[in-house]
Amino acid sequence: MFTRPRGTRDFLPEEMKKRRKVENIIRKVFESYGYEEIMTPTFEHIELITAKSGEEIRRSIYNFRDKGNRELALRPELTAPVMRVYANELQFKPKPIRLYYIANCFRYERPQAGRFREFWQAGVELIGSSSPMAVAEIIALADDVLKKLGLKDYEINIGHIGILRKILSEVDEKKQNLILHYVDKGELGVVEDMLKNEKVDKELFFKVLKMEGDRDILDEINNGLLKDYVKDFSRTLDILDIFGVKYKINLGIARGLEYYSGVVFEIYAKRLGAQKQICGGGVYSLAHVFGAKPTPTCGFAFGFDRLILALEKENLLSDDKKPRFLLIPMVLKKEVFDVARIVRKYFACEMEVMERKLKKALEYANTRRITHVLILGEDELKRKEVAVKDMEKNVQINIKIDELEEYLKKLK
RNA sequence: GCCGGGGUAGGGUAGUUGGUCAUCCUACGGGACUGUGGAUCCCGUGAGCCGGGUUCAAAUCCCGGCCCCGGCCCCA
């Protein structure tokens, strides 16, 4: 027997039904805001991934060498590939450009609850603006998706990396990234050491990092150095208030990716425990890294698999049952296929192919949760009829083949 | 990268101070029952993660690996 590679999964029909259902809702909401789907390669040159991703991502790159000795990497996320596409081919389209994707990603990490080596992300990028209006739009969009999915237990946390970077503006960018990396890891002792000889208002920095609560807390830093940033932040929050989006301020959010530069947000589904983060995003600058003019951008990604887990925890993924037909032909005549063709215009109709006796076929229909069985034998054919057995109500009627379509329409 | 717990038919399990043919339930295929489902009975299919070691003998003990579950960190 062969086993799956570590950290990968097989999705069986029952599970795929749920996943497609969720996917379709996400797709619909994204599209309703004007976002258009894009698809990029499953693997990229490794440099694209390492360019500006962050320590953690770099450590977990799923890379390989191809036969042409190229160093390639399975994509760990889609923001960088999408921005490469933007730089390569979409730079001169009218702004803003609204793109979305639902695709698999790969990270070479230790699998555990809600963490896999192959996982799916569903995200959007809004290219051309990082105005408060734009940022508020994407956060509201994420919120809308969760509402349409029916999820109750989630919390939107909003921070601002621009504020953190502003306080650190005397430190060179590389070191800033490293500091933010340790902030993200919660190793504040290391951060303190790194700031020792820097001209940075350390008291302010650590105070800001710990700020968490509703928007009033921003008043404390709405002065001097940070005034403009707080103003920008507040405008975004104003708009979210107007949209009716509930959120929490959390300035300790540093994000593991180095390209973030402004408002950032994370959404948690607390019931998921360790892997509770179901969404992350914010304002970033990446276009210039791939050779385009600097372009303000914002975006986010849902962890699709975690979304599924969160929805399951809240019992929101019961499968809706559509009528499902089984056609049992007792004789093989043209009419059998005519009937199948008619039913298939409306519902799934499978054909009995095991050459089973009627009783066994019905037994099968029963366990497979077939809702309607069609029986076609000599008797029925003589009268140009088909026997339709409703498995749930346990009633059987004969219907003229000519009138079958009317019957099906009523079921819809 | 670090730390715990595991691995017996497709799913769920029993069994071990090493010693018959590895238990039972379920699922699957067929039959009893020749064109009418959910019950019952019968028959059949089907297993000790992989590799090595100890031993007359290993599912059981030891070592290594693989995989799964979970926690830390991080991420989605």
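Residue numbers begin at 1 in each chain, while the letters A, B, ... track the order of the sequences.
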Report task. Is it possible for you to check whether A:Arg117 lies under 6.0 Å from the centre of the six-membered ring of A:Tyr108, through NZ or CZ, and within 45° of that ring's axis? Result ->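 Checked: cation-pi criterion met.
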Pairwise [atom1] distance for [N] and [M], with rounding to whole Å:
N     : M     : atom1 : result
B:G71 : B:U55 : C1'   : 39 Å
B:U26 : B:C43 : P     : 14 Å
B:C74 : B:A58 : P     : 49 Å
B:G46 : B:G11 : C1'   : 13 Å
B:A59 : B:G53 : P     : 14 Å
B:A9  : B:A47 : C1'   : 4 Å
B:A76 : B:G5  : P     : 31 Å
B:C28 : B:C33 : P     : 22 Å

Query raised in the report: So which one's nearest nucleotide on RNA chain B is more toward 5', A:Leu272 or A:Arg4?
Result: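 Looking at the nearest nucleotide for each, A:Arg4 comes out on the 5' side.
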Requested in this report: Hey, which sits more toward the 5' end of RNA chain B by its nearest nucleotide, A:Phe119 or A:Leu376?
Outcome: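 The residue whose closest nucleotide sits nearer the 5' end is A:Leu376.
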So, using salt bridge (Lys or Arg N to Asp or Glu O under 4.0 Å) as the criterion, who are the partners of [X] when residues are at least two apart?
X        : answer
A:Glu312 : A:Lys18
A:Glu137 : A:Arg98
A:Glu118 : none

Give [X] one of three labels, base, sugar-phosphate or nothing, depending on what nucleic acid heavy atoms sit under 4.0 Å from its own.
X        : value
A:Gly123 : nothing
A:Glu378 : base
A:Phe304 : nothing

Query raised in the report: What nucleotide, of B:U34, B:C73, B:G29, holds the atom closest to the side chain of A:Met354?
Result: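 Shortest atom-to-atom distance from the side chain points to B:G29.
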Round to the nearest Å and state the distance from [X] atom [atom1] to [N] atom [atom2].
X        : N     : atom1 : atom2 : value
A:Glu355 : B:G29 : CD    : P     : 15 Å
A:Glu266 : B:C74 : CD    : C1'   : 10 Å
A:Arg117 : B:C67 : CZ    : C1'   : 11 Å
A:Arg369 : B:A27 : CZ    : P     : 14 Å
A:Met330 : B:U34 : CE    : C1'   : 10 Å

Requested in this report: Indicate yes or no: at least one non-hydrogen side-chain atom of A:Tyr100 is less than 4.5 angstrom from one of A:Ile26.
Outcome: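 A side-chain contact under 4.5 Å is absent here.
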Query raised in the report: Less than 4.5 Å apart, any side-chain heavy atom of A:Lys148 and any of A:Asp144?
Result: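 The answer is yes, as the side chains (C-beta and beyond) meet within the 4.5 Å cut-off.
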Requested in this report: For residues 269-284 of chain A, pull every pair meeting salt bridge (Lys or Arg N to Asp or Glu O under 4.0 Å), keeping only residues two or more places apart or in separate chains.
Outcome: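 Of all non-adjacent pairs touching residues 269-284 of chain A, those that pass salt bridge (Lys or Arg N to Asp or Glu O under 4.0 Å) are A:Asp153-A:Arg271, A:Glu155-A:Lys270.
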Requested in this report: Return each pair, listed once, that meets ring-ring contact (aromatic ring centres under 6.0 Å, His included) where at least one residue sits in residues 339-364 of chain A; pairs must be two or more places apart or across chains.
Outcome: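 Only A:Phe325-A:Phe347 qualify under ring-ring contact (aromatic ring centres under 6.0 Å, His included).
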Query raised in the report: Is atom NZ of A:Lys400 surrounded by more than 12 heavy atoms (other residues, nucleotides or ligands) closer than 6.0 Å?
Result: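 Counting neighbours around NZ of A:Lys400, more than 12 heavy atoms of other residues, nucleotides or ligands fall under 6.0 Å, so yes.
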Check the phosphate of [N] against [X], side-chain N and O only, distance under 4.0 Å to OP1 or OP2. Yes or no?
X        : N     : result
A:Arg356 : B:G30 : yes
A:Lys276 : B:G71 : no
A:Gln277 : B:A76 : yes
A:Lys360 : B:G31 : no

Query raised in the report: Does any residue of residues 6-18 of chain A have a heavy atom under 4.0 Å from RNA chain B, and if so, which ones, in number order?
Result: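 Within this stretch, A:Arg6, A:Gly7 sit under 4.0 Å of the strand.
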Query raised in the report: Heavy atom of residues 279-287 of chain A under 4.0 Å from RNA chain B: which residues?
Result: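 Close to the strand are A:Cys279, A:Gly280.
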**Report entry** salt_bridge(A:Asp193, A:Lys196) N-O dist < 4.0 Å
**Finding:**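 Looking at A:Asp193 and A:Lys196, the cut-off is met.
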**Report entry** Residues A:Asp214, A:Lys248: salt bridge by 4.0 Å N-O rule
**Finding:**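 Not counted as a salt bridge, because no side-chain N and carboxylate O are separated by less than 4.0 Å.
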Just name whichever nucleotide pairs with [N], Watson-Crick or G-U, keeping both distances under 3.5 Å, else none.
N     : answer
B:U16 : none
B:C73 : none
B:U36 : none
B:A59 : none
B:C41 : B:G31

**Report entry** With A:Ile161, the side-chain contact (heavy atoms from CB on, under 4.5 Å) member among A:Val283, A:Ile253, A:Val263, A:Val264
**Finding:**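 Result: among A:Val283, A:Ile253, A:Val263, A:Val264, A:Val264 is the only option passing the side-chain contact (heavy atoms from CB on, under 4.5 Å) with A:Ile161.
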Side-chain donor-acceptor contacts of residues 294-307 of chain A below 3.5 Å, not counting sequence neighbours, with atom names and distances?
residue  : atom : partner  : partner atom : Å
A:Thr295 : OG1  : A:Tyr86  : OH           : 3.2
A:Thr295 : OG1  : A:Lys293 : O            : 2.7
A:Thr297 : OG1  : A:Thr295 : O            : 2.9
A:Asp305 : OD1  : A:Arg9   : NH1          : 3.1
A:Asp305 : OD1  : A:Arg9   : NH2          : 2.8
A:Asp305 : OD1  : A:Arg19  : NH1          : 3.2
A:Asp305 : OD1  : A:Arg19  : NH2          : 3.2
A:Asp305 : OD2  : A:Trp120 : N            : 2.7
A:Arg306 : NE   : A:Gly114 : O            : 2.8
A:Arg306 : NH1  : A:Gln277 : O            : 3.1
A:Arg306 : NH2  : A:Gly114 : O            : 3.1

Atom pairs and distances, donor-acceptor, side-chain atoms in residues 39-46 of chain A, under 3.5 Å, two or more places apart:
residue : atom : partner : partner atom : Å
A:Glu44 : OE1  : A:Arg84 : NE           : 2.9
A:Glu44 : OE2  : A:Arg84 : NE           : 3.4
A:Glu44 : OE2  : A:Arg84 : NH2          : 2.9

Could you pull out all donor-acceptor pairs under 3.5 Å where a side-chain atom in residues 285-292 of chain A meets a protein atom, sequence neighbours excluded?
none

Query raised in the report: Going 5' to 3' along nucleotides 36-47 of chain B, which nucleotides have protein heavy atoms under 4.0 Å from the base (write B), which only from the sugar-phosphate (write S), and which from neither (write -)?
Result: BBB---------
Query raised in the report: Under the rule syn = chi within 90° of 0, otherwise anti, which is B:G48?
Result: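 B:G48: syn.
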Query - Distance-only donor-acceptor check, side chains A:Asn398 and A:Glu380, under 3.5 Å - result: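 On atom types as modelled, these side chains do not qualify, holding no pair under 3.5 Å.
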Query raised in the report: Yes or no on salt bridge (Lys or Arg N to Asp or Glu O under 4.0 Å) for A:Asp241 and A:Lys246, after CA distance, side-chain angles and deciding distance?
Result: CA-CA 7 Å; A:Asp241 288 339; A:Lys246 293 213 173 66; over 6 Å; no
What N/O pairs connect the protein and nucleotides 1-3 of chain B at under 3.5 Å? Give each pair on its own line.
residue : atom : partner  : partner atom : Å
B:C3    : N4   : A:Arg110 : NE           : 3.1
B:C3    : N4   : A:Arg110 : NH2          : 3.4

Requested in this report: For A:Phe302 and B:A76, say yes or no: do the ring centres fall under 5.5 Å of each other while the ring planes differ by less than 30°?
Outcome: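 Check failed, A:Phe302 does not stack on base of B:A76.
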